[in-house]
Amino acid sequence: MDREQAGIRAAELRRILWENSEKYYVENAPTMSDFDYDHLMHELEDIEKRFPDLLTPDSPTQRVGSDLGSLVNGLSSDRFAQYPHKYPMLSLGNTYNIEEIEDFVRRAEKDLGDVKFTYSCELKFDGTAICLTYRQGRLYRALTRGDGVVGDDVTANVRRIANIPERLSGSGWPEEFEIRGEILMPYESFDRLNKEREDNEEPPFANPRNAASGSLKLTDPAEVGRRGLMCTLYHIPAQSISFETHGAALDAAASWGLPVSDERRIVSGLEEVEGYIRHWDTARKFLPYATDGIVIKINELAYQNALGYTAKSPRWAVAFKFQAEEALTELLSIDYQVGRTGAVTPVANLRPVQLAGTVVKRATLNNEDFIRQMDVRVGDTVKVIKGGEIIPKIIDVDLDRRPAGAARPVFPTHCPDCGTPLVKAEDEAKWFCPNVDGCPTQIKGKLVHFVGRKAMNVLAGDATIDQMYNLGLVRTPADFYSLSAAQLMMLDGWKERSANRFLESLRASVSVPFDRVLFALGIRFVGETTAKAVALHFGNIDAVAEASVEQLLAVPDVGDVIAESIFNYFRNPAHMSVVSRLKAAGLQFSIEASEASSDLLAGKTIVISGNFSISRDEMKRVIEMNGGKNASSVSGKTSFLLAGSKPGPEKVKKAQELGVRIVSEDEFFTMVPKEEQDVEPTLF
């Protein structure tokens, strides 16, 4: 490659890398794998080393990726104030090659000379970077990495993450210091969030990292708290502490109540470093959160200082990244599934194959364009990976193994369920069945959504709804409220007790607050968060129904698509008839004045355990409505354990060991206003 060719290739690489950096850091929708991105970055680095005059100050090799939006009146485009980091937040050099780890160790030994030093080996957490500042033992500010120099202020959101302490414990912490780490979304939280998004036919997050990053940038701190994020901290800038080693600094941070990983190890040489890598290449698959590699750091802070930094990375640390697991298997057939909102999604049925600890049998094919671009056909041998080691997806086709005569799949032109011709908007990738109120699959999907736990919480699942529909008992949500015990006992396996339990849950549903009722209606694009915002903004269903598109756009986080969807929903006479019948059944279609919040539990972190006179979700709403913070596990920062009947013995034991107060339900309800006990509270 001569200089002219190198210049052309370098310009192309910079464009590709910056475009994908924007997708990765800002949009949380990467279009390129980490491996491919890193490969292109290394190619650009090699070109710039061979032709130093091609190196530019704005090259992605010289700057970290940025999660900042554009500034408007001092606020980023996603409404966060921006502040400078006291010390720059750099990225790590990384490799997928164990030989390069050996080179890193040899360089460190050569550069540091004849001295003894150790390495800190740590898991590389697959989340989004965070920098916390503590002043006088209290959380003062939380900034994202941003562009490494300036970050977005997400302090209000970070205060909703359960394992980040508002106030430090122990002693010996500096008057002011920074500590850095990663915000993670555990697999359990990720699965729950994606299930909710899929139920609402919103695009699922590709992996926990994207979900964590997107959640941290939400404008509603209460929703951030609901997302189940966690934090792991792994670095205190040496300038703000007086410890001799990195390991000692993290040990101290742990003693102050900060969440530091227990899986780090201090080792003495290359053999132990490689042993740590080999162990976690397997053991990481059993962790409850995503990791994508190992970080190796020089442990002694004086030697870190001696080695220094490049333009974007420390010379005293390197990351070894694991390859994503993949497998080859046969594509047996393609199903076309109709969702609750009419979207038709192709799904590949695969010959079962073991991948990342589970058996994979199905993988989404996204849409017609994906099938065409991938040129995937029934009978093909396909390469499957788990995106973020969670979601199976097809990434390649082995054309050498394609069977003779394999035909391109033909995407249906009509709904696979009701036969209605499919439609596709110009700016959308998916085909839709427009028969919203007549397509059986869509009707049943809306009914299942309506009775769901996050909506009306009625005791009925998919199989029950299927039976009710097939028997002609229900066609709209309002039909539930006309069912009799005699009709219910027509269902297979249902007796008087089953019917009474269902009717009891139906009666209880009339107390569900307005925001959840609005969510339960199943308006396209209206998820839980949007329903809460709309309910709070308008106050009652009539105001929502009468609102113009312009008025709907005034609601925070409601854009053109959502506004049009809500507006059109209430212009449909059939929908208004259902709403009218639900009103007559007594459902809550307005926000009561008594649902206003208080700060009586402000500053308190509460763990609940056991059974209560109201549901656990309702109890959590009472806590949040009165300014409290829900946490999932007992720790030294827990204000009290709220124990109902049959509380978890481990939580009770932990509370007793830590001296955490245990509060009964009756005692708890002496802490909040009487009116809060008489209505189902909300999360506003």
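Because the structure is a prediction, the values reported are computed rather than measured.
When atom types are taken as modelled, the side chain of Thr441 and the backbone of Asp417 share no donor-acceptor pair closer than 3.5 angstrom.
Residue Asp396 holds its CG atom at 7.0 Å from CE of Met374, rounded to the nearest 0.5 Å. Atoms CZ and OG, from Arg516 and Ser511 in turn, are 10.5 Å apart once rounded to the nearest 0.5 Å. In this structure, Leu491 CG and Asn470 CG are separated by 10.5 Å, a value rounded to the nearest 0.5 Å. Rounding to the nearest 0.5 Å gives a distance of 12.5 Å between CG of Leu331 and CZ of Arg377. Rounding to the nearest 0.5 Å gives a distance of 7.0 Å between OG of Ser498 and CZ of Arg501. A distance of 11.0 Å separates CG of Leu518 from CG of Asn540, quoted to the nearest 0.5 Å.
Each salt bridge (charged side-chain N to carboxylate O under 4.0 Å, His left out) pair with one or both residues in residues 535-553, not counting sequence neighbours, appears once here: Asp542-Lys583. Judged as a salt bridge (charged side-chain N to carboxylate O under 4.0 Å, His left out), the pairs with a partner in residues 479-488 (not counting sequence neighbours) are, in order, Asp479-Arg581.
Tested against Asn367, the residues Ile371, Leu365, Asp369 include a single side chain to side chain contact (heavy atoms under 4.5 Å, CB included) partner, Asp369. None of Asp515, Ile523, Ile562, Ile566 except one satisfies the side chain to side chain contact (heavy atoms under 4.5 Å, CB included) rule with Val534; the exception is Ile566.
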Practice problem: Applying side chain to side chain contact (heavy atoms under 4.5 Å, CB included), run through Leu350 and Val382 and close with a yes or a no. | Solution: CA-CA 9 Å; Leu350 306 171; Val382 294; 4.1 Å; yes

**Asked** Given Phe125 and Tyr289, is the ring-ring contact (aromatic ring centres under 6.0 Å, His included) satisfied, shown in steps?
**Response** CA-CA 8 Å; Phe125 302 98; Tyr289 44 75; 5.8 Å; yes

| task | Applying side chain to side chain contact (heavy atoms under 4.5 Å, CB included), run through Thr420 and His414 and close with a yes or a no. | result | CA-CA 5 Å; Thr420 301; His414 290 68; over 6 Å; no

Practice prompt. Please test Ile541 against Phe514 for side chain to side chain contact (heavy atoms under 4.5 Å, CB included), starting from the C-alpha separation and ending with a verdict.
Written response: CA-CA 8 Å; Ile541 193 70; Phe514 173 39; 4.0 Å; yes

Note to self: Is there a salt bridge (Lys or Arg N to Asp or Glu O under 4.0 Å) between Arg362 and Asp335? Walk through the geometry before answering.
What the structure shows: CA-CA 10 Å; Arg362 290 162 68 80; Asp335 292 336; 3.4 Å; yes

Report task. Mind running side-chain hydrogen bond (donor to acceptor under 3.5 Å, both in side chains) on Lys430 and Thr345 for me, showing each step along the way? Result -> CA-CA 7 Å; Lys430 283 185 175 290; Thr345 302; 2.9 Å; yes

| request: Evaluate the criterion side chain to side chain contact (heavy atoms under 4.5 Å, CB included) for residue pair Tyr469 and Arg475; output intermediate values, then yes/no. | output: CA-CA 7 Å; Tyr469 180 88; Arg475 288 292 184 272; 3.3 Å; yes

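Remark: Asn366 pairs with no residue by the side-chain hydrogen bond (donor to acceptor under 3.5 Å, both in side chains) rule, at least two apart or across chains. Every residue meeting the side chain to side chain contact (heavy atoms under 4.5 Å, CB included) condition with Glu330, not counting sequence neighbours, appears here in chain and number order: Leu332, Arg351. Judged as a side-chain hydrogen bond (donor to acceptor under 3.5 Å, both in side chains), and not counting sequence neighbours, Lys629 has no contacts. Partners of Arg227 under the side chain to side chain contact (heavy atoms under 4.5 Å, CB included) rule, at least two apart in sequence or in another chain, are Met185, Leu193, Phe205, Ser215, Leu218, Glu223, Leu229. Evaluation of the side chain to side chain contact (heavy atoms under 4.5 Å, CB included) rule for Leu483 yields Met468, Leu473, Val474, Phe480, Gln487, Leu488, Phe502 as partners, not counting sequence neighbours. Scanning for ring-ring contact (aromatic ring centres under 6.0 Å, His included) contacts around Phe589 gives an empty result, with sequence neighbours left out. Partners of Arg497 under the side-chain hydrogen bond (donor to acceptor under 3.5 Å, both in side chains) rule, at least two apart in sequence or in another chain, do not exist in this structure. In this structure, the ring-ring contact (aromatic ring centres under 6.0 Å, His included) partners of Tyr569, at least two apart in sequence or on a different chain, are His575. Not a single side-chain hydrogen bond (donor to acceptor under 3.5 Å, both in side chains) links Glu564 to another residue, sequence neighbours left out. Listed by chain and number, the residues in a side chain to side chain contact (heavy atoms under 4.5 Å, CB included) with Arg571 are Phe567 (sequence neighbours excluded).
Using a 4.5 Å cut-off on side-chain heavy atoms (C-beta onward), Leu216 and Val158 make contact.
Between the side chains of Thr291 and Asp126, no donor-acceptor pair of N or O atoms lies under 3.5 Å.
Other residues, nucleotides and ligands contribute at most 12 non-hydrogen atoms within 6.0 Å of the CD atom of Glu496.
In this structure, Glu188 does not pair ionically with Arg192, as no charged nitrogen and carboxylate oxygen lie closer than 4.0 Å.
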